[in-house]
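Per chain, numbering begins at 1; letters A, B, ... match sequence-line order.
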2 protein chains.
Amino acid sequence: MTARVESDANQTGADRISDAEHAVMEALWAKSPQTAAEVCEEVCGQRGWSMPTVKTLLSRLVQKGALATQPDGRRFLYTPLIARSAYVGTESKRLVERLFGGRAAPLLAHLAENEALTADDIAEIERLLAELKK
Amino acid sequence: MTARVESDANQTGADRISDAEHAVMEALWAKSPQTAAEVCEEVCGQRGWSMPTVKTLLSRLVQKGALATQPDGRRFLYTPLIARSAYVGTESKRLVERLFGGRAAPLLAHLAENEALTADDIAEIERLLAELKK
DNA sequence: GCATTCAGATTACAAACGTAATCGTTGAAC
DNA sequence: GTTCAACGATTACGTTTGTAATCTGAATGC
């Protein structure tokens, strides 16, 4: 029972969530709590996974302190312990840090060049900026 | 001489560049061509790596088609085969895809919330948007 | 009560990654 | 010519990740 580090549940900077794990988190962010079977129903199709795979990912996420379990009869209900917004926030920041020296503007520039910006996006961003300046 | 897949040199979507590898790429994007020793001089300090580590990373990047080598006497000069802008572009897109359903605006919103946007950034983004609309 | 089934837990295993030591070769110094 | 140092190449090895099979214990049907 080697009492691992645990804690760090809310800090997104905690144990890194892998790509596959992220898919599971998304399912639970969309709706929680859910059982393993329910999560599988959502992701197994999309990613071509089998039940055991989802179980493994869920367990790892619990170990990492990203999910909480609450017993429901003989199975578990899983609930995110870290907020999606926190995760998304740190992930975004990481990227901006790594690729753009922490400046967000060049990111936007790149998205623009790569046609990753729709007209709607542009409009919305302008709204956001207006908000920010108020 | 098992002629691997190779090719896919310019497609950033090729073999994924890992985090450690990325550090090496940055050094070469900053200045190229460079020898292994020169690259090490730049990154070994920052990341606490030793020469062999850099050599390994360089080799893997060559295997992945991300770097080209040109012999210079008895050593190699390494040059990026994929452009930084391409790499940065796909990486950004990946993130936006994964976390924001492909929409860039929510990304910006998050950066804003997390104080990741400086006043300068905002100004610059506005300039960019103005450009885009022209 | 006993077999079946269905959860989670444990174990597995290959690929990728991070980090590096060692090997083999070859030019350079003497 | 022989030794040495400096390269790249090969090998190594623990960890993380992706993906899953198997085990174990308990609820459930009969």
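As a whole-Å value, the separation of A/F76 CZ from D/dG25 C1' is 13 Å. One can place CG of B/D15 at 11 Å from C1' of C/dA16, the figure rounded to the nearest angstrom. Atom CG in A/L58 sits roughly 13 Å away from atom P in C/dA7 (whole-Å rounding). In this structure, B/R74 atom CZ and C/dT25 atom P are separated by 14 Å, rounded to whole Å. Summarising the geometry, the separation between CD on B/E21 and P on C/dC17 is reported as 6 Å, rounded to the nearest angstrom. Taking atom CG of residue B/D19 and atom P of nucleotide C/dA16, one finds them 17 Å apart after rounding to whole Å. Taking atom NZ of residue B/K55 and atom P of nucleotide D/dT11, one finds them 16 Å apart after rounding to whole Å. Rounded to whole Å, the distance from CD1 on A/I17 to C1' on D/dT16 is 14 Å.
Of the two residues contacting DNA chain D, namely A/R47 and B/R60, the nearest-nucleotide position lying further toward the 5' end is that of B/R60. For the pair A/G73 and A/A20, nearest-nucleotide mapping onto DNA chain D gives the more 5' position to A/A20.
Taking only side-chain atoms of B/S50, from C-beta outward, the nucleotide of C/dA7, D/dG8, C/dA21 with the closest atom is C/dA21. Distances from the side chain of A/W49 to the nucleotides C/dA9, D/dT19, D/dT17 place D/dT19 closest. Taking every side-chain heavy atom of B/R75 into account, D/dG8 is the closest of D/dA20, C/dA7, D/dG8. Side-chain atoms of A/A36 lie closest to C/dG8 of the nucleotides C/dG8, C/dA20, D/dA20.
Counting heavy atoms from C-beta outward, A/R94 and A/E91 have side chains that approach closer than 4.5 Å. The closest side-chain heavy-atom distance from A/H110 to A/F100 is below 4.5 Å.
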Test A/W49 against A/L57 for side-chain contact (heavy atoms from CB on, under 4.5 Å), laying out the working first.
CA-CA 11 Å; A/W49 288 341; A/L57 294 172; 3.5 Å; yes
Kindly determine whether B/E21 and B/R60 satisfy side-chain contact (heavy atoms from CB on, under 4.5 Å), including the steps that lead there.
CA-CA 8 Å; B/E21 287 161 2; B/R60 286 181 184 165; 3.7 Å; yes
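Summarising the local packing, CZ of A/R75 is surrounded by 12 or fewer heavy atoms from other residues, nucleotides or ligands at distances under 6.0 Å.
At D/dC7, none of the side-chain N or O atoms of B/T35 fall inside 4.0 Å of OP1 or OP2 (strictly under the cut-off).
As judged by a 4.0 angstrom heavy-atom cut-off over every strand, A/T53 is placed among the base-contacting residues. A/T56 comes within 4.0 angstrom of a nucleotide base, judged by non-hydrogen atoms across all strands.
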